[in-house]
Participant: 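Below is the structure I would like to discuss, written out as C-alpha cells.
If you're wondering where the values come from, they're calculated on a predicted model, not measured in any experiment.
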Amino acid sequence: GEDVYIGGILEHIEMAGIHSGDSACCIPPFTLSEAQVSQLRSITRRLAKRLGVGGLINIQFAIKDMVVYVIEANPRASRTVPFVSKATGVPLAKLAARIMAGEKISSFNLPDDERRQRHFCVKEAVMPFGRFPGADVVLGPEMKSTGEVMGIAYNFPSAYAKTQSAASMELPREGTCFLSVCDRDKRAVLPLARDLVRMGFDLVCTTGTARALEAASIPCRVIGRVGDPEPNIATMINDGEIDLLINTPFGQETRSDGYQLRSMAVRHNLCYVTTLAGTQAFVSAIENLREQSLPIIALQDLEQWEEN
C-alpha cells in the first residue's frame with residue numbers, strides 16, 4: 001500500500017488480439033519510446049495503489065494511435081514472472097510471498113526498477129501443432145501453446161532468433177519464400193519483401209500479393225494456389241522447394257486455401273509465420289543470422305542481484 005516496484009515491462013511481438021500466452025515478448029521493450037514506457041510506469045503505479053495490491057500484479061496494455069488502453073489488471077502472478085526474474089536477476093515470486101506475509105518493499109534493497117538493461121531477453125511460445133495433424137496454426141484469442149523457451153542476446157534480432165531455434169523452428173538464411181498476405185497487410189509487407197530479396201531470397205506469390213509486389217518493382221514469381229493446375233504451391237511444398245512460408249489470413253478461416261497451406265507447413269516441418277508482426281521479427285532475425293553468429297550467454301553471466 002506504500003511502494004510499487006515494477007519487475008519488468010514486456011513488449012509483445014504480436015498485436016493485440018493474440019492471446020498473451022501465444023505471443024512472443026521481449027524485455028526490455030524494443031520499439032516503445034521512453035515517453036511511452038514512462039507513461040506505462042505511471043499508470044501501473046497508480047493502478048496498483050488504487051487496487052490495494054499486496055504482492056504481484058499483472059497488467060496488460062494496448063497502445064493505438066499513441067493512446068494507452070488497459071486491457072486487464074490481474075492482482076496475481078502470471079506465467080511471465082519466472083521469465084522476468086531470470087531476465088533481471090530479481091526473484092519476484094519470493095519477494096511477493098514475503099510482502100504478502102507482511103514485509104515491506106523498502107526493506108529489500110532492490111535495484112532501481114528504471115535501470116537500463118543492457119541485454120535483451122525474448123520469450124517465445126512452443127506450439128503443439130506437430131502432434132495434432134489438421135490443426136490450424138493461426139493464432140487468436142484462444143491460447144494454444146503448451147510451453148515456452150527463452151533467448152538472451154545483446155540485441156533483439158539475435159535473442160528472437162535463438163528462441164526460434166530452441167522452439168525447433170530453424171530460420172533459413174537463403175532459399176525460396178512463399179508470400180501470400182491478406183489485403184490489409186499488402187502495403188506493410190512491401191519493405192519486408194524487399195529485404196528478403198536483398199538477402200537473396202526468391203519470392204513466389206499468389207496473384208494478389210504478386211500484383212502488389214510488382215507494382216512496387218519487387219521481383220517475384222506467380223504460383224498457383226492449392227488445387228490449381230500443377231505446378232502450384234502445394235506441389236512446391238511437397239517437393240521441398242519452399243524454405244519459408246509467410247501467410248497472413250483475414251480472420252479465422254476454416255478449410256480454406258490458407259488453412260491447407262499452413263497444415264502442409266506443419267507436416268513438412270517448414271518454417272512458417274502467420275502474422276505481419278511475426279514476419280517483421282522473422283526478417284530482422286534472418287538478417288542478423290546472416291551477419292553474425294548467435295552468442296552463448298549463461299544466466300550466471302548476466303548482472304545478478306543478491307538479496308541481503
Side-chain angles (χ1 to χ4, degrees), residues 11-15 18 22-27 30-31 119-130 137-139 144-181 185 188-205 209 218 220 233 236-237 239-248 258 261-297:
E11 181 178 354
H12 284 194
I13 309 300
E14 312 294 343
M15 299 292 105
I18 306 298
D22 286 351
S23 175
C25 59
C26 181
I27 178 173
F30 59 98
T31 67
H119 55 277
F120 289 81
C121 296
V122 175
K123 178 183 77 71
E124 175 63 292
V126 177
M127 302 297 178
F129 301 130
V137 301
V138 172
L139 302 179
K144 299 180 180 179
S145 68
T146 53
E148 56 191 35
V149 294
M150 178 177 180
I152 306 171
Y154 294 109
N155 59 60
F156 167 72
S158 290
Y160 185 78
K162 291 174 77 171
T163 63
Q164 299 310 300
S165 179
S168 301
M169 182 82 78
E170 294 295 337
L171 297 174
R173 291 170 172 79
E174 58 185 5
T176 301
C177 171
F178 172 72
L179 184 62
S180 178
V181 298
D185 292 337
V189 83
L190 295 179
L192 302 175
R194 189 172 285 112
D195 287 341
L196 288 169
V197 171
R198 176 174 50 80
M199 289 187 282
F201 280 84
D202 295 320
L203 300 183
V204 293
C205 310
T209 302
I218 301 173
C220 64
I233 183 56
M236 290 190 71
I237 293 176
D239 293 341
E241 298 177 19
I242 300 296
D243 302 286
L244 174 63
L245 186 145
I246 300 172
N247 174 239
T248 65
L261 275 178
R262 296 186 293 273
S263 296
M264 291 178 67
V266 173
R267 289 200 305 272
H268 289 270
N269 198 28
L270 182 63
C271 187
Y272 65 88
V273 59
T274 62
T275 66
L276 186 63
T279 302
Q280 293 170 333
F282 264 53
V283 172
S284 65
I286 290 171
E287 185 166 20
N288 188 268
L289 282 175
R290 290 168 55 87
E291 296 175 352
Q292 57 185 308
S293 58
L294 296 177
I296 299 175
I297 304 174

Participant: For Ser23, give me all partners under side-chain hydrogen bond (donor to acceptor under 3.5 Å, both in side chains), at least two apart in sequence or on another chain.
Facilitator: none
Participant: Could you pull out all residues at least two apart from Ser168 that satisfy side-chain hydrogen bond (donor to acceptor under 3.5 Å, both in side chains)?
Facilitator: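 So Ser168 forms no side-chain hydrogen bond (donor to acceptor under 3.5 Å, both in side chains) with any residue.
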Participant: Tabulate below the donor-acceptor pairs under 3.5 Å that side-chain atoms of residues 270-277 make, not counting sequence neighbours, or state none.
Facilitator:
residue	atom	partner	partner atom	Å
Thr275	OG1	Glu14	OE1	2.6
Thr275	OG1	Gly278	N	3.0

Participant: Any side-chain heavy-atom pair from Met169 and Thr163 closer than 4.5 angstrom?
Facilitator: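 In short, these two side chains do not touch, never coming nearer than 4.5 Å.
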Participant: Rounded to the nearest 0.5 Å, what's the gap from CZ on Phe201 to CG on Asp243? Could you check?
Facilitator: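 It is 7.0 Å, given to the nearest 0.5 Å.
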Participant: Quick one: do the Ser158 and Gln292 side chains pair a donor with an acceptor below 3.5 Å?
Facilitator: no
Participant: Only one of Asp185, Thr279, Thr209 forms a side-chain hydrogen bond (donor to acceptor under 3.5 Å, both in side chains) with Thr248, so which one is it?
Facilitator: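 That would be Asp185.
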Participant: How close do Ala153 and Ala159 get, counting heavy atoms only, and between which atoms?
Facilitator: CB-N, 3.5 Å
Participant: Can you measure from CZ (Arg290) to CG (Leu171) and round to the nearest 0.5 angstrom?
Facilitator: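 Between atom CZ of Arg290 and atom CG of Leu171 there are 12.5 Å.
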Participant: With a 4.5 Å limit on heavy-atom distance, are the side chains of Val126 and Ser145 in contact?
Facilitator: no
Participant: Kindly compute the distance separating OG (Ser165) from CG (Leu294), expressed to the nearest 0.5 Å.
Facilitator: 7.5 Å
Participant: Check residues 280-287 and write down every donor-acceptor pair under 3.5 Å in which the side-chain atom is one partner and the other belongs to a residue at least two apart or another chain.
Facilitator:
residue	atom	partner	partner atom	Å
Ser284	OG	Gln280	O	3.3
Ser284	OG	Ala281	O	2.9
Glu287	OE2	Arg198	NH1	2.9
Glu287	OE2	Arg198	NH2	3.1

Participant: Using 0.5 Å steps for rounding, measure from the CG atom of Leu196 to the CG atom of Leu192.
Facilitator: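 Reported value, rounded in 0.5 Å steps: 7.0 Å.
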Participant: What pairs of residues pass the salt bridge (Lys or Arg N to Asp or Glu O under 4.0 Å) test when at least one of them lies in residues 269-281, not counting sequence neighbours?
Facilitator: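 The answer is none; no pair qualifies.
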Participant: To the closest 0.5 Å, what do you measure between CD1 (Ile152) and CD1 (Ile296)?
Facilitator: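 Ile152 CD1 to Ile296 CD1: 12.0 Å, rounded to 0.5 Å.
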Participant: Show the numbers, then the answer: is there a side-chain contact (heavy atoms from CB on, under 4.5 Å) between Glu11 and Cys25?
Facilitator: CA-CA 5 Å; Glu11 181 178 354; Cys25 59; over 6 Å; no
Participant: Who passes ring pair (Phe, Tyr, Trp, His ring centres under 6.0 Å) against Phe156, sequence neighbours left out?
Facilitator: Phe30, Tyr160
Participant: List in chain and number order the residues that pass side-chain hydrogen bond (donor to acceptor under 3.5 Å, both in side chains) with Asp202, two or more places apart in sequence or in another chain; answer none if no residue qualifies.
Facilitator: none
Participant: Taking the side chain as C-beta and beyond, is there a heavy-atom pair between Ile242 and Met236 under 4.5 Å?
Facilitator: yes
Participant: Distance check, rounded to the nearest 0.5 Å: Met199 atom CE versus Arg173 atom CZ?
Facilitator: 12.0 Å
Participant: Can you list everything that forms a side-chain contact (heavy atoms from CB on, under 4.5 Å) with Glu148? Sequence neighbours excluded, please.
Facilitator: Arg79, Lys123
Participant: Who passes side-chain hydrogen bond (donor to acceptor under 3.5 Å, both in side chains) against Ser293, sequence neighbours left out?
Facilitator: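 Ser293 satisfies side-chain hydrogen bond (donor to acceptor under 3.5 Å, both in side chains) with no other residue.
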